[in-house]
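Both ligands and their constituent atoms are indexed starting at 1 by order of listing.
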Amino acid sequence: MVTVTPIHADFVAEIGGVDISRPLAPAEWQAVEQAFDRYAVLVFHGQKLTEAQQLAFAERFGPLERSIGTYVYGVGKRRRLERPELSDISNLDEDGAVIARDDERRLINISNQLWHTDSSFKKTPAKMSMLSAQEVPPEGGETEFADMRAVWDALPAARQRALEGLVAEHDYYYSRSLTGFDASTIPPERRALTPPVPQVLVRTHPVTGRKSLYLAAHIKRIYGMDEVASRALIDELMALATEPRFVHQHKWKADDVVMWDNRCTMHRGRPFDERSRRSMRRATVSDIGPTVAADWRPPA
Ligand code: OGA
Ligand code: MN
């Protein structure tokens with residue numbers, strides 16, 4: 001029997017009574033899916049998964065993304081993980097040794113410590129991410145989640161109306177630049193692989209109908225607003241969305257699996273002593289299409 005234990009009224013639930021390394025029975029699957037739609041973040045303990053088992057479970061939610069590390073910055077390089085659909089969320093190199101502080105991969109990964117939602121820098125962003133932990137540091141390295149539906153609900157109606165219809169520009173290299181990665185040095189061919197993309201600022205969950213703010217560190221600006229006003233608005237909404245009342249912190253144990261709904265949550269990793277090993281891998285499922293209408297054009 002699948003057990004669902006909510007941590008907050010409608011946000012984060014622990015799932016028990018199921019072994020996700022094997023195919024789930026239809027009723028088990030339904031229980032997990034319903035919990036996912038309602039609680040947006042699901043936590044499983046004691047799940048030792050192979051790469052193939054992790055991907056098989058994730059794929060039930062939709063098509064798998066390929067890890068950006070395999071086609072943007074790590075092209076042709078040997079990886080620690082076998083499957084290109086898995087993102088390496090670790091501080092380890094291809095041989096499993098802790099990577100140097102100035103390694104490009106560390107500079108890229110450190111942006112995961114900024115509040116974001118996965119792949120919002122792609123035209124079709126991520127629906128779901130599933131992170132499984134193999135090794136965790138003794139202290140720090142938690143992952144935090146913000147409930148963007150609750151954030152929306154907390155906004156006064158007039159404010160909600162003012163935000164609806166706004167479209168933001170999300171740019172992979174904008175969030176990288178915030179943590180000191182110098183994007184001006186990358187060749188144009190590589191830059192062209194992740195061009196800036198538009199995303200609506202307010203989303204509606206296709207199953208629950210709940211609205212949420214769609215924010216991320218990838219947001220560079222809001223279309224149609226001047227730069228100063230745009231930055232002020234993003235900063236204000238980010239500050240609101242990440243107030244402690246909207247945030248849950250997950251303290252990792254080895255063999256934990258956490259999956260989250262990228263459409264209505266943000267997350268960030270917390271710092272840790274990087275001499276310790278932190279080994280995790282992420283399967284990511286794409287959403288069904290872009291968040292902006294096909295005929296959307298930036299305002300002149
Ligand atoms: C991710 C991510 C944060 C962390 O896997 O998408 O942002 O705590 N991880 O490692
Ligand atoms: Mn992430």
Side-chain angles (χ1 to χ4, degrees), residues 12 40-44 49 51 54-55 57-58 61 64-70 72-73 79-81 83-92 98-99 105-122 125-148 170-176 178-179 181 194 199 214-219 238 241-242 247-274 276-287:
V12 192
V41 178
L42 301 183
V43 177
F44 302 76
L49 302 178
E51 293 191 14
Q54 180 173 356
L55 291 170
F57 181 83
F61 285 82
L64 298 170
E65 285 189 357
R66 263 180 75 114
S67 171
I68 194 161
T70 66
V72 174
Y73 58 87
R79 301 180 80 215
R80 188 177 72 93
L81 303 177
R83 297 286 300 261
E85 301 92 342
L86 287 167
S87 294
D88 193 349
I89 308 295
S90 77
N91 61 341
L92 306 176
V98 170
I99 56 182
R105 287 167 295 189
R106 174 178 175 274
L107 294 177
I108 287 170
N109 291 340
I110 205 99
S111 297
N112 279 342
Q113 295 184 9
L114 303 175
W115 283 106
H116 67 283
T117 181
D118 289 333
S119 300
S120 71
F121 52 80
K122 296 182 186 172
K127 171 189 177 188
M128 186 278 273
S129 294
M130 173 190 187
L131 193 54
S132 90
Q134 285 74 51
E135 292 177 87
V136 302
E139 261 188 290
E142 302 89 354
T143 305
E144 292 183 336
F145 297 91
D147 183 356
M148 303 304 282
H170 292 235
D171 185 348
Y172 179 72
Y173 287 107
Y174 181 73
S175 50
R176 304 305 111 169
L178 297 176
T179 50
F181 184 80
T194 53
Q199 303 288 359
Y214 196 51
L215 294 177
H218 311 308
I219 297 184
M238 269 288 186
T242 58
V247 172
H248 170 81
Q249 185 181 74
H250 179 72
K251 291 191 200 325
W252 290 93
K253 294 194 289 281
D255 301 329
D256 278 354
V257 168
V258 179
M259 51 186 283
W260 60 87
D261 190 335
N262 284 297
R263 299 168 297 188
C264 59
T265 61
M266 282 199 296
H267 62 278
R268 67 168 177 179
R270 301 299 288 148
F272 62 101
D273 182 339
E274 290 183 49
S276 313
R277 299 168 65 84
R278 185 176 191 260
S279 172
M280 304 192 182
R281 47 173 139 87
R282 192 187 81 208
T284 316
V285 169
S286 317
D287 207 342

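With a 6.0 Å cutoff to the six-membered ring centre and a 45° limit on the axis angle, Arg176 does not count as a cation-pi contact of Tyr174.
For ligand 1, the 4.0 Å heavy-atom shell contains residues Ile89, Asn112, His116, Asp118, Leu131, Glu142, Thr143, Trp260, His267, Gly269, Arg278, Arg282.
Taking the six-membered ring where the residue is Trp, His218 and His170 present tilted rings, their angle falling between 30° and 60°.
Taking the ring-ring contact (aromatic ring centres under 6.0 Å, His included) definition, one finds that Tyr173 meets it with nothing, sequence neighbours left out. Residues satisfying the side chain to side chain contact (heavy atoms under 4.5 Å, CB included) criterion with Arg278, sequence neighbours excluded, are Ile89, Asn91, Pro137, Thr143, Trp252, Phe272, Met280.
In this structure a side-chain-to-backbone donor-acceptor pair under 3.5 Å is missing from Asn109 to Arg106. No donor-acceptor pair under 3.5 Å is formed between the side chain of Ser279 and the backbone N or O of Ser90.
Asp88 has no carboxylate O lying under 4.0 Å from a charged side-chain N of Arg105, or vice versa, which leaves the two without a salt bridge. A salt bridge links Arg277 to Glu135: one of the charged nitrogens lies within less than 4.0 Å of a carboxylate oxygen.
Below the 2.8 Å limit, the Mn ion (ligand 2) has as protein N, O or S neighbours His116 NE2, Asp118 OD1, His267 NE2.
Between His267 and Trp115, the ring centre distance reaches or exceeds 6.0 Å.
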